[in-house]
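Report on one structure; see the data block that follows.
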Amino acid sequence: MANASQSPSQNTTTRPRISFLGCGYLGTTYAVCFAELGYEVIGYDVDAAKIESLNTGVLPIHEPGLPELLKKNLETGRLRFTTDVQSVADFADVHFICVGTPQRKGEHRADLSYIETAVVDLSQHLSRKVLIVGKSTVPVGTATWVQELVDRHAPEGLGVEVGWSPEFLQESNAMHDVLRPNRIVYAAQSEWASQLLKDVHRGILELAAVEDREVPVVETDLATAELVKVAANAFLATKISFINAMADLSEAAGADVVDLARAIGYDQRIGNKFLRAGIGFGGGCLPKDIRALSARAGELGVGESFRFLDEVDAVNTRRRSHTVRAVAELAGRSSGPNGPDLSGVRIAYLGATFKPDTDDIRDSPALDIARRLRSARADVVVYDPEGLENAQGFAPELSFVKTLAEAVAGADVVCAMVPWEEFRTLDPEALGQQVAERRILDGMNAFDPVQWRKHGWSYQGIGR
């Protein structure tokens with residue numbers, strides 16, 4: 001396979017200039033990667049410190065491979081970042097909206113205020129017909145509302161149109177997901193907009209042709225394009241909660257959920273991906289997206305059909321209290337009406353991010369469980385290869401160390417929670433020489449219980 005630097009030659013007649021509004025994880029990754037594909041790109045954000053950092057080649061997020069592409073494309077002049085919305089409006093032919101759509105405080109619905117602000121600010125500064133394309137994950141019906149905002153706030157007579165093209169980025173694999181996606185989905189309201197979206201994605205398809213790959217393209221209507229991402233996330237969340245529910249049953253019945261998942265995963269109708277039992281899903285997408293989907297379904301009168309998502313969410317949340325009880329049992333402490341008392345128990349806690357190869361702690365089940373253990377009076381010593389700074393700012397009540405050796409020294413219980421490579425390759429005998437007691441909670445289900453028990457460990461996995 002060719003590497004990321006093997007971009008197809010630029011054809012200026014089919015390369016519209018592009019802006020990405022919102023330079024968080026989504027917008028920054030897309031901006032860098034589209035510059036790599038040969039497009040002229042500008043990224044916009046209201047956070048001046050973030051923009052300054054990006055313009056000096058410093059990436060404010062952890063994403064493998066992206067820092068090198070950022071510096072490279074800043075040097076080519078194809079990529080720049082700004083806080084000046086007028087320069088964005090003057091520059092780009094296609095504007096992608098990539099701002100956050102978090103869960104509303106105290107509600108399950110999505111907060112669209114960032115989208116509204118970005119669209120209104122941009123629209124007021126436009127002087128020609130352009131295409132505004134939503135990429136943020138939103139409730140179905142948002143595109144129509146965005147078009148109304150544009151019609152209301154853009155100068156009269158420009159004919160600015162709105163399209164939609166959902167993103168499918170996986171943190172720690174985001175660069176690959178932009179340059180070599182497994183599908184492209186978009187919606188347009190006219191032939192003019194459809195052609196612009198074809199031109200926007202031409203670089204991706206040309207790279208695929210160079211590498212002898214095919215990228216399926218689905219052109220659809222606005223509502224369907226809005227639903228694709230949340231539908232995918234809801235399905236994945238359901239698979240994860242299903243196997244975690246089976247983990248509960250496996251523990252009660254004396255079965256092994258790892259073997260169970262392997263056996264059913266061989267069925268091609270089911271597949272083995274997202275069937276790893278563990279401490280549950282988190283991050284900035286799945287939890288909020290399934291709640292927002294359920295809420296929007298209720299608003300549209302079909303809420304009863306999505307009640308299962310409430311249980312998917314509940315199963316996921318229960319993993320956290322279940323894991324606390326499992327740690328208490330390993331430590332020989334019973335759980336009373338107010339939970340266990342883990343006073344005097346030193347826990348080596350391995351992992352704080354919501355998944356490996358990222359510094360993202362948003363809705364991290366690992367970090368939430370660590371805080372629950374601390375609330376039960378345990379001495380929780382946390383080590384994470386990339387997420388320490390973010391975790392420490394969010395959970396200052398925990399103890400944080402910079403090396404694995406510091407975390408495990410004198411530990412009564414080791415909790416291996418996030419499947420970083422450094423943790424998945426732990427040696428049971430070497431680790432046993434560093435701890436006070438050989439007790440391990442394998443929240444990753446990454447270890448062979450037989451091998452660990454052979455080395456004198458009290459081993460507890462998830463559903464086994």
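These figures come from a predicted structure and were not determined experimentally.
- Of the charged side-chain nitrogens involved, none lies within less than 4.0 Å of a carboxylate oxygen, so that K229 and D289 do not count as a salt-bridged pair.
- Contact check on R296 versus E226 returns no salt bridge, with no Lys/Arg side-chain nitrogen under 4.0 Å from an Asp/Glu carboxylate oxygen.
- Of the possible polar contacts, none joining the T83 side chain to the V46 backbone as a donor-acceptor pair under 3.5 Å is found.
- Residues I264 and F242 meet the side-chain proximity criterion, which asks for heavy atoms closer than 4.5 Å.
- Under the 4.5 Å side-chain criterion, counting only non-hydrogen atoms from C-beta, T238 is in contact with L309.
- You'll find the side chain of Y383 reaches within 4.5 Å of the side chain of E422, heavy atoms only.
- Distance alone, capped at 3.5 Å, is enough to place a donor-acceptor pair between the D442 side chain and the A446 backbone.
- With S364 contributing its side chain and A352 its backbone, the two residues share a donor-acceptor pair below 3.5 Å.
- Between the side chains of T101 and K288, a donor-acceptor pair is found at a separation under 3.5 Å.
- To the nearest 0.5 Å, atom CG of residue L260 and atom CZ of residue R464 are 12.0 Å apart.
- In this structure, the side chain of R319 does not engage the main chain of G280 through any donor-acceptor pair within 3.5 Å.
- Using modelled atom types, no side-chain atom of T117 and backbone atom of Y114 make a donor-acceptor pair closer than 3.5 Å.
- Within 6.0 Å of the CD atom in Q433, the count of heavy atoms belonging to other residues, nucleotides or ligands exceeds 12.
- By the 6.0 Å contact criterion, CG on D267 is enclosed, its count of non-hydrogen atoms from other residues, nucleotides or ligands being greater than 12.
- One distance of note links CD of E36 with CG of L179; it measures 6.5 Å at 0.5 Å rounding.
- For the pair R371 and F394, the cation sits on the ring face: its NZ or CZ lies under 6.0 Å from the ring centre, inside 45° of the axis.
- In terms of the ring pair (Phe, Tyr, Trp, His ring centres under 6.0 Å) criterion, F81 has no residue partners (sequence neighbours excluded).
- Take W452 and apply the ring pair (Phe, Tyr, Trp, His ring centres under 6.0 Å) test, not counting sequence neighbours, and it matches F447, W457.
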Residue pair K454, E429: steps toward the salt bridge (charged side-chain N to carboxylate O under 4.0 Å, His left out) verdict: CA-CA 9 Å; K454 188 188 334 184; E429 185 55 39; over 6 Å; no
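- In this structure, the separation between CD1 on I462 and CG on N244 is 7.5 Å, given to the nearest 0.5 Å.
- Note: F96 and F20 have parallel aromatic rings, judged against thresholds of 30 and 60 degrees for the angle between ring planes.
- Using the six-membered ring where Trp is involved, W420 and H62 have ring planes that are tilted, between 30° and 60° apart.
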